Amino acid sequence: MVFDLAFIWAGLIAFAVLTYVVLDGFDLGIGILFPFGKSESDRDLMMNSVAPVWDGNETWLVLGGGGLFAVFPLAYAIVMPALYMPITLMLLALVFRGVSFEYRWRAEKKGLWDIAFFGGSFGAAMFQGIALGALVQGMEIDGRAYAGGWLDWLTPFSVLTGFAVVVGYTLLGATWLVLKTEGDLQVQMRGYAWWLGAATLGTIGLVSIFTPFQDPIYFERWFNLPGSLWSMVVPVLMLALTWTFFTGLNEGCDLRPFLSALGFFVVSFIGIGISFYPMMVPPTLTIWEAAAPDSSLAFALVGAVILIPVILAYTAYAYWVFRGKMNPSEGYH
């Protein structure tokens, strides 16, 4: 083939996963912050700020998972048995969260649905992070099958990554509310964002310290030339984003803290890519070994070339229509 179809598809799936993280991360974060709303009207406003877009955000999760199944079947066949439990719990958490969105508005007593919204958001974030940590630390493969244990995904490192994702998503939720609200709620979330930003950077630092010790390949890429020349880009970008984040908060900016918080995730994703490439399932399965035949990749790519721009277009349109600050009594203004 003129084009490396396996590489193109790996990039498309990585793009879908990253887009899901940056879009769905802030509305999961709002769910985690939900119990801290000081009044019923504040909690209504928090939920209403993401009501028009939350279900569309999850389209990218479906695209990433479906794409993995369709074009990297061997990777899917190894990853799913290894991560059945955290992925199942994540999906159940998303179900509880979605149901709470629909039922809370109609319930006379909202306490149960408030708990479901918080629990589903926290659980989804935690198990996404745990699944990521389990993937980073590597999976035992025998031939073309997963050969590890049923609980290999549950380790101190995976729990640390789960906690880091929870903290990071909560930061995204706080900065989103800084962007979309005014008054007391905005002031409250601006204060939360400062501490959550510090906690997010701290947990990213801890994960970054322990990641190179999960596999010798990671260590070599981060600390030996010429790989360290690429990896040094990550801390430099993170320092720049840290400066824009905290100066934005201190100067009363609404947009800059949110964009900087999204940048933390994008740069962290780049760091994971530097560690992983060209592996699809660490420590041994590469992109090309996991890929379907080129004929299948080419056939699926035709659909992706049509579908992805459509999804991007309606996502952009939804955010454009519901742009601006929230009005507690009328919605957007």
Side-chain angles (χ1 to χ4, degrees), residues 15 17-34 36-37 42 45-54 56-57 60 121 125 164-205 207-208 232-272 312 315-328 331-333:
F15 173 76
V17 172
L18 177 60
T19 305
Y20 168 77
V21 168
V22 299
L23 292 182
D24 205 41
F26 67 80
D27 65 58
L28 288 173
I30 286 172
I32 298 169
L33 286 166
F34 207 63
F36 299 95
D42 279 354
L45 191 61
M46 293 165 71
M47 181 176 277
N48 199 36
S49 73
V50 295
V53 296
W54 73 272
N57 293 341
W60 297 98
S121 300
V165 169
V166 169
V167 174
Y169 281 0
T170 311
L171 170 65
L172 292 181
T175 53
W176 171 259
L177 290 172
V178 169
L179 175 65
K180 302 299 288 184
T181 64
E182 298 173 314
D184 292 342
L185 181 59
Q186 186 191 50
V187 172
Q188 179 189 3
M189 292 302 154
R190 194 182 296 277
Y192 285 176
W194 202 99
W195 295 105
L196 287 166
T200 298
L201 291 169
T203 53
I204 289 174
V207 172
S208 299
M232 283 301 296
V233 173
V234 173
V236 170
L237 291 174
M238 198 64 77
L239 285 173
L241 289 168
T242 300
W243 182 82
T244 61
F245 175 80
F246 285 108
T247 56
L249 284 177
N250 293 335
E251 294 172 4
C253 297
D254 292 350
L255 179 60
R256 198 193 309 169
F258 179 64
L259 294 180
S260 300
L262 292 178
F264 294 158
F265 279 85
V266 173
V267 173
S268 299
F269 198 80
I270 292 172
I272 293 172
L312 285 171
T315 300
Y317 180 72
Y319 280 91
W320 174 256
V321 169
F322 295 101
R323 67 193 183 278
K325 294 285 186 179
M326 294 290 299
N327 186 316
Y332 286 81
H333 67 84

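Here the structure is a predicted model, which is why all the values come from computation and not from measurement.
Going from atom OG of Ser49 over to atom CZ of Phe26 covers 8.0 Å, rounded to the nearest 0.5 Å. Atom CZ of residue Phe245 and atom CE of residue Met238 lie 12.0 Å apart, to the nearest 0.5 angstrom. In this structure, CD1 on Ile270 lies 6.5 Å from CG on Leu237, to the nearest 0.5 angstrom. Here CZ of Phe265 is found 10.0 Å from CD1 of Ile272. Values are rounded to the nearest 0.5 Å.
Checking side-chain atoms of Asp24 against main-chain N and O of Asn57 turns up no donor-acceptor pair under 3.5 Å. A distance-only check finds no donor-acceptor pair linking the side chain of Arg190 to the backbone of Val187 [under 3.5 Å].
Contact detail for Leu33 and Gly173: the closest heavy-atom pair is CD1-C, 3.8 Å.
Ion pairing of Lys325 with Asp254 is present here, as a side-chain N (NZ or NE/NH1/NH2) and a carboxylate O approach within less than 4.0 Å.
Other residues, nucleotides and ligands contribute more than 12 heavy atoms inside 6.0 Å of the CZ atom of Phe269. Annotation: Asp184, atom CG; neighbour count of heavy atoms from other residues, nucleotides and ligands within 6.0 Å does not exceed 12.
Relative ring orientation between Trp176 and Tyr319 is described as perpendicular, the plane-to-plane angle rising above 60° on a 0-90° scale split at 30° and 60°.
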**Q.** side chain to side chain donor-acceptor pair (under 3.5 Å) between Thr247 and Arg256, intermediate numbers included
**A.** CA-CA 9 Å; Thr247 56; Arg256 198 193 309 169; 3.1 Å; yes

